[in-house]
Novice: 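One structure is given below, represented as C-alpha cells, and several questions about it will come after.
Bear in mind the structure is a predicted one, so any value in this text is a computation, not a measurement. Here is how names work: the chains are called A, B, and so on, in the same order as the sequence lines, proteins then strands, and each is numbered from 1.
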There are 2 protein chains.
Amino acid sequence: MRPDFLIRNKHIIIYGISLAILLFLLRWLQLRLIVFNHAFEIYVGAIALIFTALGIWLALKLIKPKVQIVEHIVEKVHEPESTDTFKLNEDTLNELGLSKRELEVLQLMATGLSNQEIAGQLFVSLNTIKTHTSKVFEKLDVKRRTQAVEKAKRLSLIP
Amino acid sequence: MRPDFLIRNKHIIIYGISLAILLFLLRWLQLRLIVFNHAFEIYVGAIALIFTALGIWLALKLIKPKVQIVEHIVEKVHEPESTDTFKLNEDTLNELGLSKRELEVLQLMATGLSNQEIAGQLFVSLNTIKTHTSKVFEKLDVKRRTQAVEKAKRLSLIP
DNA sequence: TGTAAAATCACCCAAAAGTATGAGAATAAA
DNA sequence: TTTATTCTCATACTTTTGGGTGATTTTACA
C-alpha cells in the first residue's frame, strides 16, 4: 500500500518537493538580497524567470488536449485495466430481479456473442435466448443489447 | 451651560482627543508596519503571479516550438495512470486505419445507440452510418457491433 | 492542380435482433 | 401439496443490423 500510494501520488510529491526546493532557493536569494542591497533587480529577475518557467511547465503539464501534437509521443502504454478483481454487485442484481440464467445470458451477450451462439453455448434453443434477452432488457430498462451490456458494466453486474 | 461645561473640562477633553488621535495614529502606524513588513513578500508574490501567468500564456501561444519539450515530459509521465483518465491508444488506432468519423461512430455505438439514433446525433443519414459501421467492423475484424465495442474497449480505443 | 482518402448517400437483400403471446416443465418456497 | 418463479420452447410479426455494390461530394495533401 505504501509504494502504491507513493506511485499514485508521484506528481504531487514531486511537485511538493519542487516547491520546497524553490522556496528554499527563494529564501537563499532573499538572504543574498539583504547582504547585497543592490541585488534587488537580480532577485526580481530571478523570480520572474523561475515563475515564467513554472508557468510554462504548468501549462504544458496540465493542458494536454493538444492531442494532435502529442500523438507521436503517446507510445506503448497498453495494459490499463488488467489486474481485475471484479466484484459483482449483488445488491443491484437482486434489486433488478435478474435470475441466474438471465445473468448468464447477459454475460455471454457482453462478450459479443449472437443469440444463436449463446443458444449453442447454453444448449438451449434460439427462442429461449430471445426470451431471456427480452426479460433482461425489460429488467434493465433498456431497448438494445448494446445498452444492456453498457448498463450492466456500469452497475458492476459484469466485469 | 454648555460652554461652561466645555471650558471647565477643557483639559480633559483635549487630553481625551489627543489620546484618541494618538491611538488612531498608533493603529495606523501598526497597519503601515504590517504592510511595510510584508510589502516585499506581497511584491514578490505579485511578480510570481504575473510571470506565472506570462509563462502559461507563452506556452499556450508558442506551443509549436515547445512541442519537443512536451514530448519528453509526457513520456516520463507514462506509467502512473491509475486515475480514470482515459488515454486513447493512437498506435492501435492508426494501425487499424480507423478514420475520425469511424471512431466517432464507434464511440456512439458503445453507448448503446442504434444506427438510426447515431445518424440523428451526427446529422447524417442512416445509410451513411451503416457504411461507417461496416467499415469499422471490417477494420476491427468483427461481425457484430457488440463485438466491436468489446474489442474497442479492450484496445483502449474507447473508455 | 490533380490525386487519394474520407465522408456522404442510395438500394437491395439477408440475417439477426427484438416484441408479443402463450404454454409446458422443472424447481424452489410456502 | 399448492403456489410462485424460473426455465424452457414455439409461432408470428416488426425492426434493426449487416453485407454488397456503386456513386457523388469533400477534404487533405503532394
Side-chain angles (χ1 to χ4, degrees), chain A residues 66-69 71-72 88 90 92-153 157-158, chain B residues 64 88 90-153 157-158:
Chain A
K66 290 289 179 184
V67 180
Q68 207 78 6
I69 300 168
E71 252 182 46
H72 308 287
L88 184 134
E90 304 210 34
T92 310
L93 184 63
N94 293 327
E95 209 171 294
L96 293 172
L98 275 182
S99 76
K100 192 181 296 183
R101 200 58 156 174
E102 285 160 357
L103 181 61
E104 214 174 344
V105 171
L106 183 56
Q107 288 167 341
L108 293 175
M109 208 175 356
T111 70
L113 295 182
S114 68
N115 286 338
Q116 186 63 71
E117 289 166 337
I118 296 173
Q121 290 258 324
L122 301 181
F123 301 104
V124 295
S125 83
L126 171 62
N127 286 313
T128 303
I129 299 302
K130 282 190 175 188
T131 306
H132 287 318
T133 55
S134 280
K135 289 212 159 198
V136 168
F137 298 156
E138 196 180 320
K139 289 176 179 177
L140 281 179
D141 191 31
V142 296
K143 290 233 157 265
R144 281 173 290 282
R145 55 177 42 222
T146 43
Q147 287 182 338
V149 171
E150 197 272 332
K151 189 159 189 175
K153 290 199 174 188
L157 267 33
I158 273 181
Chain B
K64 266 269 162 53
L88 183 131
E90 307 216 27
D91 286 332
T92 311
L93 184 64
N94 293 328
E95 211 171 292
L96 294 172
L98 275 182
S99 76
K100 192 182 293 184
R101 199 59 157 173
E102 285 160 359
L103 180 62
E104 214 174 344
V105 171
L106 184 55
Q107 288 167 342
L108 292 175
M109 210 177 351
T111 70
L113 295 183
S114 70
N115 287 338
Q116 186 64 70
E117 289 167 336
I118 296 174
Q121 290 258 324
L122 300 181
F123 300 103
V124 295
S125 83
L126 171 61
N127 286 314
T128 303
I129 300 303
K130 283 190 173 187
T131 307
H132 287 318
T133 55
S134 281
K135 291 210 158 196
V136 168
F137 297 157
E138 196 181 319
K139 290 175 180 177
L140 281 179
D141 190 31
V142 297
K143 291 230 158 271
R144 283 172 289 283
R145 54 180 41 222
T146 44
Q147 287 181 338
V149 171
E150 197 273 332
K151 189 159 189 175
K153 291 199 174 187
L157 265 32
I158 271 180

Novice: Applying the side chain to side chain contact (heavy atoms under 4.5 Å, CB included) test to Val136(B), which of Leu157(B), Leu98(B), Leu103(B) qualifies?
Specialist: Leu98(B)

Novice: Which atom names give the shortest non-hydrogen contact between Lys139(A) and Gly97(A), and what distance separates them?
Specialist: NZ-O, 2.7 Å

Novice: Taking Asn115(B)'s backbone N and O only, do any of them form a donor-acceptor pair with Lys130(B)'s side chain (distance below 3.5 Å, no angle check)?
Specialist: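 No.
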
Novice: Return a single string for nucleotides 17-30 of chain C, one symbol per nucleotide in 5' to 3' order, where B is base contact, S is sugar-phosphate-only contact and - is none, cutoff 4.0 angstrom on heavy atoms.
Specialist: BBB-----------

Novice: Does a side-chain N or O of His132(A) approach OP1 or OP2 of dC7(D) to a distance below 4.0 Å, or not?
Specialist: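 Indeed not, no polar side-chain atom of His132(A) lies that close.
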
Novice: State, to 0.1 Å, how close Ile158(A) and Ala110(A) come at their nearest heavy-atom pair, and which atoms those are.
Specialist: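 Shortest heavy-atom contact: CD1-CB, 3.7 Å.
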
Novice: Rounded off to whole Å, could you give me the CG-to-C1' distance for the Leu122(A) and dC9(D) pair?
Specialist: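 Atom-to-atom, Leu122(A) to dC9(D), this comes out as 15 Å.
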
Novice: Please report, rounded to the nearest Å, how far the C1' atom of dT8(C) is from the CD atom of Glu104(B).
Specialist: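 After rounding, the reported distance stands at 14 Å.
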
Novice: Side-chain N or O of Ser99(B) versus OP1/OP2 of dA7(C): is the shortest distance under 4.0 Å?
Specialist: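 Yes, within the criterion.
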
Novice: Identify whether the distance between the nearest side-chain nitrogen and carboxylate oxygen of Lys143(A) and Glu117(B) falls below 4.0 Å.
Specialist: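 No.
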
Novice: For Glu138(A) and dT5(D), what is the distance between atoms CD and C1' respectively, to the nearest whole Å?
Specialist: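 Glu138(A) atom CD is separated from dT5(D) atom C1' by 15 Å.
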
Novice: Just how large is the angle between the end axes of the helix from dT1(C)-dA30(D) to dA30(C)-dT1(D), five pairs per end, to 10 degrees?
Specialist: 60°

Novice: Check every strand shown and say whether Ser125(A) touches a base, only sugar-phosphate, or nothing at a heavy-atom separation below 4.0 Å.
Specialist: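 Sugar-phosphate contact only.
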
Novice: Taking all non-hydrogen atoms of both residues into account, name the closest pair between Ala152(A) and Leu106(A) and its distance.
Specialist: CB-CD2, 3.7 Å

Novice: In whole angstrom, what separates Lys139(B)'s NZ from dA7(C)'s P?
Specialist: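 Going from NZ in Lys139(B) over to P in dA7(C) covers 8 Å.
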
Novice: Output the rounded distance in Å from CG (Leu103(B)) to C1' (dA6(C)).
Specialist: 14 Å

Novice: Measure the distance from NZ on Lys100(B) to C1' on dA28(D) and round it to the nearest whole Å.
Specialist: 11 Å

Novice: What I want to find out is whether Lys135(A) reaches Glu138(A) closely enough, with some N-O distance under 4.0 Å, to be called a salt bridge.
Specialist: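 No.
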
Novice: Between Glu117(B) (CD) and dT16(D) (C1'), how many Å, whole number?
Specialist: 11 Å

Novice: Considering residues, nucleotides and ligands other than Asn94(A), do more than 12 of their heavy atoms fall under 6.0 Å from its CG?
Specialist: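 For Asn94(A), atom CG is crowded (more than 12 foreign heavy atoms under 6.0 Å).
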
Novice: What is the separation between atom CD1 on Ile118(A) and atom P on dA16(C), rounded to the nearest whole Å?
Specialist: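 For the pair Ile118(A) CD1 and dA16(C) P, the rounded distance is 13 Å.
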
Novice: Considering all heavy atoms of both residues, which atom of Thr146(B) and which atom of Met109(A) are nearest to each other, and what is their separation?
Specialist: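 Heavy atoms only, the tightest pair is CB-O, 4.4 Å.
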
Novice: Of Lys135(A) and Phe123(A), whose closest DNA chain D nucleotide lies nearer the 5' terminus?
Specialist: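 With Phe123(A) and Lys135(A) compared, the 5'-side residue is Lys135(A).
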
